[in-house]
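The structure appears below as structure tokens.
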Amino acid sequence: MAVCIAVIAKENYPLYIRSVPSQNELKFHYTVHTSLDVVEEKVSAVGKSLADQRELYLGLLYPTEDYKVYGYVTNSKVKFVIVVDSSNTSLRDNEIRSMFRKLHNSFTDVMCNPFYNPGDPILSKAFNGIVSGMMVQTS
Amino acid sequence: MSVPDYMQCAEDHQTVLVVVQPVGIVPEDQFFKIYKRIASVSQVSIRDSQRLLYIRYRHHYLPENNEWGDFQTHRKVVGLVCITTCGAAKDWPQTAERFHGQKEVYSSTLYDSRLLVFGLQGEIAEQQRTDVAFYPSFEECADVERRVEDFVESIFIVLESKRLDRATDKSGDKIQLLCVPFEKKDFVGLDTDSRHYKKRCQGRMRKHVGDLCLQAGMLQDALVHYHMAVELLRAVNDFLWLGAALEGLCSASVIFHYPGGTAGKTAARKPSISQPADASKRHRPGALTANGISADTSTEIGRAKNCLSPEDIIDKYKEAISYYGKYKNAGVIELEACVKAVRVLAIQKRAREASEFLQNAVYINLGQLSEEEKIQRYSILSELYELIGFHRKSAFFKRVAAMQCVAPTIPEPGWRACYKLLLETLPGYSLSLDPKDFSKGSHRGWAAVQMRLLHELVYASRRMGNPGLSVRHLSFLLQTMLDFLSDQEKKEVTQSLENYTSKCPGGMEVITLSDGLKLPPVPFTKLPIVRSVKLLNLPASLRPHKVKCLLEQNVSTASPFIYSPIIMHNRGEERCKKIDFQWVQGDVCEVQLMVYNPMPYELRVENMGLLTSGVEFESLPAALSLPAESGLYPVTLVGVPRTAGNITVNGYHTSVFGVSSDCLLEGLPSVKTSGCLVEVIPSLPRLQLSTSLPRSAHTPQPMSKEQLSSSVSVQLFNGEEQQLTITLENIGSEDIESLELTSKTVNTKDKVFGRFLSWDLEEALRHLPLKPGQTVTLSISIKVKLDFSGQENLLPDLNDDGISVTGLPISSPLRQLLKPRAENKAVSSESGKAEYSHIKTLEAVLNFKYTGGAGKVEGYYRELSLGVHVDVEPSVFFTRVSTLPATSTRQCHLLLDIFNPTEHELTVSAKNSKDLVLHPSECQRLAIQVDKFDFESLPQLYQEPASFSSPKQLEEERQHAQGCQINSKLDICWSIISLQKASVEGALNQLVLEHMQLAPLQWDVLVNGKPCDCDVVADCKAGDAVTLEVKLTNLSKNAVGPLTLTVMPYQDFQNGVQNYDLDEAVAFVGSNTFFIDTVKPKESSVCEGALLFLYTGDFYLNMKVQDDSTPRELPLAWFTLPCVHIRALDTPLQAGA
């Protein structure tokens, strides 16, 4: 499944980023960071055509040699980015979509926490658990 | 063809390539000057036609690339301009030879060439050649441009002829097969007669003609040819050329759609690639300009038909690129096509599709690239990403390029280039090098990525050999990323920072890089973190006080409202708010900071001082060492203002890890402060005080400890007097010009009799002005006189002794309350255990007000306070006071029961009485004969109505005066052998007052006109009438009377028998009873009578007064008249008879 999951604030700084521990974390930071260009581009394109606004899933942002980067933008412009291994061909678009939906639900729970300040890094254990579930199992 | 030209853009397809090269020895700067002038001729309008010819100049072009000229004609070098110097005619042949040699390189494609010769003096024998121009020097070559234009025109003629030649060639049966270098061997032995081959030849030629048409400025024709070529080539599956035809079609369409060009500014960026500087200004045909429209309308219609729509352009580009992709050797072409497509997409603002092209470009393998080429490639990718607005991607590739500059495989890493590239990536990572941008709130950004970048900047700058830069970057890293560094990283960063600063200490100056980028200083506001800044007042003894001025009172209220619930201040205002105390010039002033250390280890802060403005301020830096993860830690920074005025504390400076930083408070919104502006007043002298008595820790209650500069304590017996010598030293730098001393008794419920503290300041004042370093001594006497009579437990009941005493027992409400006696005893035994409970405490504060120097002029003074703490032990008690009347009404006997509560032997002495020795805890009676007082006759000194407002005060003052008189009369003193003699006053005063006061009704008895009192014997002659005059003077406040005065003579037989039956012996002349009418205050009444003593003898007159007024309230004592003793003597006459 996913090798890196990131939540990025409206102002494009990371609220949460977690990657498979075995690999170079910084690389994923770079990957997610550069993917924001595409996200922004897609979001601004969506803005132009209002009809399409309800679709939060941005689809494949860009493929790299090893990974595929998928994006999702909430209505409050919080971005979710999921990086999956390119070799993992079993993943369908629908599965990615459901992962994002799950992530979004969990994120909504985090935001509902009265002790959470919007804009702070997400430290929620529940959220972490959801993410862990989506990350690839090293088995 | 291995070197791609990343600067290519679609419109380059319509240009002709001219190479400008130096031949022989040409100074580089001169060459480029000429090159620039040549390059300015980038488009030439051809005579007799409305076409424009575009020229692309290169000063360097690989012949290898030239070989692809047939494939895309704009890659073909068609013109050569050589620049050379030739000093003398004799060198000319050699120069010409070189020129020809240069021509050989591009000979296969060259249409025409020119040689520009500079610096030739004299004439050339050779005949005039059209392709050579001579100029005397690099400066005198005005017609270079014109010559280039001529040259371009000649190129055009060749181009046009070729175009026409090829275009009309199709009727010929044999068409030459154009091919790219790598194809050549593939076609060896191919059947040249096949239809397939012919079609291929046709298609390729058609495409070639299209290229030529495009170059020759015939866009319409080009489009037609390209379309035909596409059809032909598609049929024969000649993909490479199909791609080229498609690309040509795209280029032509782009030229049509975007006359402004697609290269944008990026084309002009790299001078090494030598795109003409004014490329973007080029005018394009096909645009709806006067130029284009003026052509016949048929072409216009045709254009619209053949031209691709913007969407189609991209599709065709995609197709072309996919065809190129089939050929490994066409990588450069593919890459360039991608770049061109991206530029077109950028114009169309279709960033996402552009990014797909770029993504594809990334994967195009060009075989083994040199490091420099890699750098170039990454840089260009970065630039293209920037172009389509993908700043992050751009930054990523720029960083990759930077890393490539210093790849380990490069023998000489270009750290400088790497650093420069890294700096360019900063905006992409939303990182600015100004720490001010980070001070607002919490950090928002990609910390991990940014930290990496900063680390790389640090490393690059260090390898560049600029430790100052690395210190700056490392400081920045530490300051801004502190929250994201792990403990281990913190340690590492600080260690390397210390290493760097040992070579190059970090400062606050702005570092300006060679390209003009300014690196602002990085103050370490987080090392340590300052939470609050508080300016401290001077210690109480040094605080300046303003001489009171009535006008001063209402200065501070700026608001017209007395009170408003709305507080209008904000933080900023609070900062500049003036603090309501003053600092003094030349005195050490303190500012307290609350700091804490966020580091996981001990933080050493050196040279921590204040930053101020306003007045000259000498900051005395402090060094501190904060423990790891310390809590709030108070730090006091000190300094000395050197001039007077308003001082503002702007911030503080520190030196941490060898980096000195100036932290300004305005940049630190999290710092709490209660104002930073304070007034500095001119210098004042300083006084130091030392005393002869030991210091004590006692402080009088209402004063706080800091208000007192020092305090002394002494233990005294009641009534004892002690001298306190105070030495005042001027330890300041100003003369003390005036000195005042006041005292205030504080915290006492007991009434103090007499002056507690007394002094004579005159002697000290004589030493003024007191120069710095000088001292003056002052002697103060401490005298305690307290009333201990309330201390019941110390009063043994004298009644137990069986001594009967007449008169009033000293009683207090307390005493009455404590009865019955049994209880009283119990209390006394209990309190006896609490040894010092009976000690009374007196406290006072001595205030020295002094001033001098410049501060005095401004009206300031200083106060030095000395607390005096006296524990008073009881000395003698007067347990009971009574009086016995003396023989005279004007005198009385005072009986005092004196108790010695001390542990010493006491000697009590009084006037007119012998000393009385009292052993510890002994009680004895002392009798003193004293004159009664007439208090009314006291001097009215203290009774000025102005000085005492309340009647109570008046009364007190009166009593005090009375007390003084009593004391002087009685002069009761006690002494303990070891101690000095001391007097007791006070306690006695009130008690004895009543007894010792003369009655307000004063009776004067005159016998024979002579005043007569108890002990005076009035002589008279028997038989003579003795006049008796009784005068009543009313000194009381009320009228008295009417009274009846009865005179009764009697004889005292001295054995207790008094004979009142003297009717025969004494005869009254008139009545023996007098009536005295009402006597008003201050008036007197006299009643006169006469007595006739018939016999000689001693007679007494008893006079009794009876008060006839209805309310008999006057005390009996008021009516005591003296007993008159009259001695009747024989008259000489009688004796004679």
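Hydrogens, waters and symmetry mates are skipped; everything else that's a heavy atom, side chains included, is used. Naming convention: chains lettered A, B, ... in sequence-line order (proteins, then strands); numbering from 1 in each chain.
- Neither the backbone nor the side chain of A/L15 comes within less than 4.5 Å of any heavy atom in chain B.
- In this structure, no portion of B/Y385 lies under 4.5 Å from any heavy atom of chain A.
- Listed by first then second residue, pairs satisfying salt bridge (Lys or Arg N to Asp or Glu O under 4.0 Å) with a partner in residues 422-431 of chain B read B/K398-B/E424, B/K420-B/E424, not counting sequence neighbours.
- Within the 4.5 angstrom heavy-atom criterion, no atom of A/L61 approaches chain B.
- Of the atoms belonging to A/Y62, it is side-chain heavy atoms, and not backbone ones, that fall under 4.5 Å from chain B.
- When each of B/R399, B/R392, B/H391, B/R352 is scored by its heavy-atom pairs under 4.5 Å with chain A, the top score falls to B/R392.
- Between A/H33 and B/W446, the angle of the ring planes goes over 60°, which puts this pair in the perpendicular group of the 30/60° scheme.
- Within the 4.5 angstrom heavy-atom criterion, only side-chain atoms of B/R452, from C-beta onward, approach chain A.
- Residues B/L381 and B/L358 come closest through the heavy atom pair CD2-CD2, 3.6 Å.
- In this structure B/Y323 satisfies the ring-ring contact (aromatic ring centres under 6.0 Å, His included) test together with B/F239, sequence neighbours excluded.
- Between the side chains of A/R97 and A/Y72, no donor-acceptor pair of N or O atoms lies under 3.5 Å.
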